[in-house]
Amino acid sequence: GALESAWNTQVQQLRRQQDGEQKALAEREQRQMLTASLAKEFAKLPEAQNVPKDILDFVTGIWAGVAAKAQCDAMLKGGQPGGDPHGYLAVVPQLLWCAQPRHAPEDAQRMLPLMSQMQHVIRDGLNSVALSDEYIGQALQRVAGLQHKVAQSAAELLPVAQQQVQQEQQQEPPSAHEVDVPLEPEV
């Protein structure tokens, strides 16, 4: 009686523990497969060409893991597979674009409003996988350096616009005989 009951209780506890371990293993394997899949997708993006190796390694390594974890966590909470629960996927082409060797000033100007949000998304993502503050600081510093380069490209537009305004101001106003303005209102 009592021995059999104790034995059954122990067996049930052991089964629950094994089930939990199997579930955790399955979740970990799913996340690893998703990370590998996302890394391949990120590497195929047109923006992934010509970026520095450290940025490509970051995006296809740690950041793919961040995005995969967010998707897996969302699915565990009943969300749909895929999707971009925290904007971690959306930041990838933006980050890769910032890492390009050159930027057209007009494109850089359009990118400026997105850049402050990119810093927050990257910080949140790196925090979600419990990376050290030191690593997160270094990563954000690297991103800030890329963003500074984009801001410099965008600033190249400013002197051009200022020159145009100055040229327009320097042109003499038309003389009175060049302007055809009716002096009498038409009736």
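Residue numbers run from 1 in the order of the sequence given.
- Salt bridge Lys69/Asp73: present, at least one basic N to carboxylate O contact under 4.0 Å.
- Put simply, CG on Asn50 and CG on Leu96 are 11.0 Å apart, with the number rounded to the nearest 0.5 Å.
- The minimum heavy-atom distance between His86 and Ala70, with the atom names listed, is CD2-CB, 3.7 Å.
- Atom-to-atom distance recorded for Glu29:CD and Gln22:CD is 10.5 Å, nearest 0.5 angstrom.
- Applying the side chain to side chain donor-acceptor pair (under 3.5 Å) rule to pairs touching residues 93-103 yields nothing, sequence neighbours excluded.
- Side-chain contact check for Cys98 versus Lys149: every heavy-atom pair is 4.5 Å or farther apart.
- The side-chain heavy atoms of Asp107 and Met111, taken from C-beta on, include no pair separated by under 4.5 Å.
- Thr35 places a side-chain N or O within 3.5 Å of a backbone atom of Arg31 that can act as its donor or acceptor partner.
- Pairing each heavy atom of Ala39 with each of Thr60, the nearest pair is CB-O, 3.1 Å.
- Counting heavy-atom neighbours within 6.0 Å of Asn8 CG, excluding the residue itself, gives a total above 12.
- Of all non-hydrogen atoms in Phe42 and Val59, the two that sit nearest each other are CD1-O, 3.2 Å.
- Shown here are the side chain to side chain contact (heavy atoms under 4.5 Å, CB included) partners of Arg28, two or more places apart in sequence or in another chain: Leu25, Gln32.
- In this structure, Val121 and Gly87 approach most closely via the heavy-atom pair CG1-O, 3.7 Å.
- Proximity of Ile136 to Ile122: side-chain heavy atoms (C-beta onward) are nowhere separated by under 4.5 Å.
- A 6.0 Å sphere centred on CG of Leu3 holds no more than 12 heavy atoms belonging to other residues, nucleotides or ligands.
- For residues 115-132, the side chain to side chain donor-acceptor pair (under 3.5 Å) pairs, not counting sequence neighbours, are Gln119-Gln147.
- Between Ala151 and Leu112, the shortest heavy-atom contact is CA-CD2, 3.8 Å.
- A distance of 9.0 Å separates CZ in Arg142 from CG in Leu95, rounded to the nearest 0.5 Å.
- Side-chain contact between Leu34 and Cys72: present, with at least one pair of heavy atoms (C-beta onward) separated by less than 4.5 Å.
- Pairing each heavy atom of Ala90 with each of Asp84, the nearest pair is N-OD2, 2.9 Å.
- At least one side-chain heavy atom of Gln13 sits under 4.5 Å from a side-chain heavy atom of Arg16.
- The shortest distance between side-chain heavy atoms of Ser153 and Glu106 does not fall below 4.5 Å.
- Here the side chains of Ile55 and Leu146 are in contact, with some heavy-atom distance below 4.5 Å.
- When atom types are taken as modelled, the side chain of Ser37 and the backbone of Met33 share no donor-acceptor pair closer than 3.5 angstrom.
- Hydrophobic clustering, with ILVMFWY side chains joined whenever heavy atoms are under 4.5 angstrom apart, keeps Val129 apart from Met75.
- Proximity of a side-chain donor or acceptor of Gln71 to a complementary backbone N or O of Pro85 within less than 3.5 Å is not detected.
- Residues Trp63 and Leu126 have side chains in contact (heavy-atom distance under 4.5 Å, counting atoms from C-beta outward).
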